[in-house]
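Letters A, B, ... are given to chains in the order of the sequence lines, protein chains preceding strands, and every chain is numbered from 1.
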Number of protein chains: 2
Amino acid sequence: MSGPIQSIERAAAILRLLSGRSRRLGVVEMAGQLGLPKGTVHGILRTLQSVGFVEQDRDSGKYQLGAALLHIGSSYLDANELRTRALNWADALATQSGESVRIGTLHEKQVLIVHHVFRPDDSRQALEVGSLVPVHASALGKALLAHHRYLLADLGSGPLPSYTPATITDVKRLGHELEEISGRGWASEVGDLFPGVASIAAPIEDRRGVIAGAISISGPIERLCESTVPRGELVGYVMETARTVSRELGAIPW
Amino acid sequence: MSGPIQSIERAAAILRLLSGRSRRLGVVEMAGQLGLPKGTVHGILRTLQSVGFVEQDRDSGKYQLGAALLHIGSSYLDANELRTRALNWADALATQSGESVRIGTLHEKQVLIVHHVFRPDDSRQALEVGSLVPVHASALGKALLAHHRYLLADLGSGPLPSYTPATITDVKRLGHELEEISGRGWASEVGDLFPGVASIAAPIEDRRGVIAGAISISGPIERLCESTVPRGELVGYVMETARTVSRELGAIPW
DNA sequence: GGAAATCGTTCGCCAATGTCAAACATCGTT
DNA sequence: AACGATGTTTGACATTGGCGAACGATTTCC
């Protein structure tokens, strides 16, 4: 045995399908998308159901993700060293800046949010842990890309998806900004993803010197920026926190 | 093919192992616990790693859960009808009661938290979505058990695990309380799980008339109880919300 | 400091295992 | 009432993945 195990790969593909756009899918639908006979897909689904990774809607017969995955998935957070080490500092940064804080890692050419602290004051906000945000339209993403430049090529040659008029859609222009970012050590985004909201992010370094993640603050442009430039004071907070977490991870021994 | 697929079952067992107490496990360790040859376990791990469900620590060689699971796991929340339907009402209940709100479902003889609203006013609290709480020491658990009485037998015959001096450890006594609960339609817990904190819960009914989940509020005993009895006003809020959500799920057509 | 134990990893043979296509059952629709 | 679509089951085939032993690299223990 040398290659990966076929049935497990297929099971994973099914789970990934179910975690995509459409929450619920039928057997033939998945079989079609995966190019597999429906009997095969059904066998895998039956197994996934027996272990609780998938549930079947009794009325429609369609399948959806199972509860066991929620628990397993959130267990990942405990094992994630970046997150556990950064917990307290993220809180402190939220208090200091008065804005919401996010920590993210690269995952499949996107940014996976592994921690999220709400803005201190008020207001009910949706928890974003576990969600994916685009690399090219977020401060977190740019901070990460700047130190994993090889990924830029994987984003394709065509224009990048646009979310607001301010989104950078040109790969070349993004490349230039990444250059700047890696030079100065922080990234920002002003209305690139959601109109009216800005973010400031800084990369977090690993024990091995690799950029393992990034931390950011987000809020209304008026609060984060002086006209359209991020306030130096806030940039300082973010960078300082990132450096502290990096040290906590063993990146900077001195 | 009739039975479930072996390799997928084993892969699931490995993932469940990794989501348990010890975040990081080695190949032989897992092989021992599963009673499988280590070569076999390694093959499965290699596959799980290639699909991002598992990551390997470079230094120690041990394995831990992968980032892909966080995203998939949190996608479950979107597919969960109970949670999506209850979102707004949970917020309202938090505002109304001034306490933190939780929504849970039965999962493997425990209560899986699928939604968590922080207490409105203040104070940083840890998000508990995805975590499991014991059925016999939580209001959510009791509310659910009361309508799935058959589960009581599965809890074993010996004394139940104790978390505080107030925890109900006797299965028989728990049975009696469940009787009461199913009669009056709400459950409570006063310092059973954490000293000084109490909860009040009510069951949520399904379209098919099955109890699909429960909703609760939690807070300091002094705020939730009159001496040791839950305040009638708060009980009312919780029950009313549970009924509203049940109606939203299609349980009560009138 | 050397030997032995332990770890993660690889290999090749064998057959148990999972795959596939076709038949079945159960819907809802025409 | 016949059709088409779905999810489900079946059985034969050979591919696939399981097993146990051997490898190389660490670490532990005398």
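For B/Gln110, the side chain to side chain donor-acceptor pair (under 3.5 Å) criterion is met by no residue, not counting sequence neighbours. Residues passing the side chain to side chain donor-acceptor pair (under 3.5 Å) test with B/Ser216, sequence neighbours excluded: none. Residues passing the salt bridge (Lys or Arg N to Asp or Glu O under 4.0 Å) test with A/Glu179 are A/Arg149, sequence neighbours excluded. Remark: A/Arg207 engages A/Glu81, B/Asp59 in a salt bridge (Lys or Arg N to Asp or Glu O under 4.0 Å) (not counting sequence neighbours). Taking B/Glu9 as the reference, nothing meets the salt bridge (Lys or Arg N to Asp or Glu O under 4.0 Å) condition, with sequence neighbours excluded.
For B/Gln56, counting side-chain heavy atoms from C-beta on, the closest listed nucleotide (D/dC19, C/dG18, C/dG8) is C/dG8. For B/Lys38, the side-chain atoms get nearest to D/dA22 when compared with the rest of D/dA22, D/dG7, D/dG18. Listed nucleotides: C/dT19, C/dC7, C/dT10. Nearest to the side chain of A/Thr40: C/dT19.
Taking 4.0 angstrom as the limit, A/Tyr63 places a side-chain polar atom (N or O) nearer than this to OP1 or OP2 of D/dT8.
If you measure from atom CD1 of A/Ile5 to atom C1' of D/dG17, you get 6 Å, rounded to the nearest angstrom. Per the geometry, CD1 belonging to A/Ile14 stands 13 Å off C1' belonging to C/dT19, to the nearest Å.
A donor-acceptor contact closer than 3.5 angstrom is absent between the side chains of B/Asp78 and B/Ser75.
With axes fitted over five pairs at each extremity, the angle between the ends of the helix from C/dG1-D/dC30 to C/dA15-D/dT16 is 10° (10° resolution).
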